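Because the structure is a prediction, the values reported are computed rather than measured. When a residue number appears, it is its place in the shown sequence, counting from 1. Every number for a ligand or one of its atoms is a count from 1 in the order of the listing.
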Amino acid sequence: MDNYDVIIRKGRVVLKETVVTADVAIKNGLIEKVHSSIAGTADSEVDAQGLYVFPGGIDVHAHFSEPGREHWEGFETGSAMMAAGGMTTYFDMPLNGIPSTVTVEALKEKAETGSRKSIADFGLWGGLVPGNEEELETLAAEGVVGFKAFMSPTGNKEFERSDDHTLFNGMQKIAPTGKLLALHSESAVIVKGMEQRYSEHTDAVSFSRSRPEEAEVEAVNRAISYAKVTKCPLHFVHISTAEAVERIQEARLAGVDVTLETCPHYLLFTEDTLVEKGAAAKCAPPLRSNEQKQKLIEALLDGKIDMVSSDHSPCPSDMKDTDDMFAAWGGISGGQYTFLAVLELAAAHGIKFPRTAQWLSGAPAERFGLSGSKGEIKEGKDADLVLVDMNKSFTVTKENMYMKNKHSVYEGMTFSASIEQTFLRGETIFSAAGKPVKRIGRWTQPQQ
Ligand SMILES: NC(=O)NC(NC(N)=O)C(=O)[O-]
Ligand SMILES: [Zn+2]
Ligand SMILES: [Zn+2]
């Protein structure tokens, strides 16, 4: 009789196309067998009756700020938060750390730090900024998941936004590397001009108006035009409007190699949340109207949005401790709640779990060259698994936040499901019952 390292018994297992009641056997960190009843023994047996078994989430958008701004977040706290939230892999953005990840030297330092400290697997973004065009080819060769550029001001002097020349020339350089360019797409011209117009204002409504939907749409259109000429693959991050989704969809149908993500906060909250909750709900692009939120949910249901990421962008609490919505740091601390937020949407809109797993695991793995080992529950893949209890609610409190700075727009919110246990390559990296801390995360480099 076969002996395995772990057998997870009788869970509702979320496969690519369907959900089945099955046992999952794990050996040497890999999923060895998925079957209705596995006869073998295991060093550890997990009773998953009444629980769902999902593939581990892949959060393609998080800011951990290490090295240099560890007091904002860091690999230790950030990765613990990801594990607690059902994310077994995350991609760290190239900005908010000092130095930012715009040179090979900075990339290697980050990879080394993450490999020592991270509980979950991680990928690293490289940055495109004015002046680092010559670094792009080597950054690609050294294993970045892709490049990230800002079309609007970043808020960090260590990571300048890309002017149009940098953007176009950067795309020309990135295209032959086989990597993609991820874009924070808001028009700098519109954002800066509107900031001027609202320079006497501090309130939430003024902040929302200062970053209009059209700023996103204009930037998306411009980037798509550049991509058509340069043939550079694109990925649009944190898309907040249905109109931008439509423009991206048209480009896709016209043959442009492009994907997009949205974030749970654009699907759950509105500009009223910013009025009510203040700076914890400040982000860029800003939370939109209720009507826009509904249209974005429809676009997701229509299959026009590839994936959902957190854009976990934390900061020390005092940078949020102001009523001035222009001065407060922009960023939502939410990396722990992406999985649960998507399940909440699934419950509200009758979405089947294979689809949520596609948004959280399958599509990120496929787009970023990780599908050889990650992205679905299948024999031969990494045993990255999440046990979810759909009948046990989870209320967000400061006490159960794993992020370094315990303030979040999600505080006080109750999700109808809870994350019970998270496995990375067969090892438990989070358990609701206890606190296993195993810093076994590896730097994952895409196969392209
Ligand atoms: N410097 C940041 O972390 N910015 C982030 N801030 C947000 N989204 O408000 C982002 O991704 O744009
Ligand atoms: Zn951004
Ligand atoms: Zn971000």
Where on [X] is there a heavy atom closer than 4.0 Å to ligand 1, on the side chain, on the backbone, on both, or on neither?
{"X": "I332", "result": "neither"}
{"X": "C283", "result": "both"}
{"X": "D311", "result": "side chain"}

Polar atom proximity, [X] to ligand 1 (N or O, under 3.5 Å):
{"X": "A284", "result": "yes"}
{"X": "F150", "result": "no"}
{"X": "W329", "result": "no"}
{"X": "K282", "result": "no"}

Assess the pair [X] and [Y]: is the distance between their ring centroids shorter than 6.0 Å?
{"X": "W125", "Y": "F368", "value": "yes"}
{"X": "Y90", "Y": "F64", "value": "yes"}
{"X": "F394", "Y": "Y410", "value": "no"}

_For atom 1 (N) of ligand 1, what is the closest protein heavy atom, and at what distance to 0.1 Å?_
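Sorting protein heavy atoms by distance from atom 1 (N) of ligand 1 puts N96 OD1, 3.1 Å first.
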*N, O or S atom within D311 nearest to the Zn ion (ligand 3), by name*: OD1
*Relative to the ring of Y337, is the ring of F415 parallel (under 30°), tilted (30 to 60°) or perpendicular (over 60°)?*
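Geometry flag for Y337 against F415: parallel rings.
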*Nearest non-hydrogen atom to atom 12 (O) of ligand 1 belongs to which of K148, M93, H184?*
H184
*Which angle, to the nearest 10 degrees, do you find at the Zn ion (ligand 3) between NE2 in H63 and NE2 in H61?*
110°
*Working to the nearest 0.5 Å, report the span between OG1 of T273 and CG of L287.*
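One finds 6.0 Å between OG1 of T273 and CG of L287.
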_Name of the H184 atom (N/O/S only) found closest to the Zn ion (ligand 2)_ =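 Of all N, O or S atoms in H184, the Zn ion (ligand 2) lies closest to ND1.
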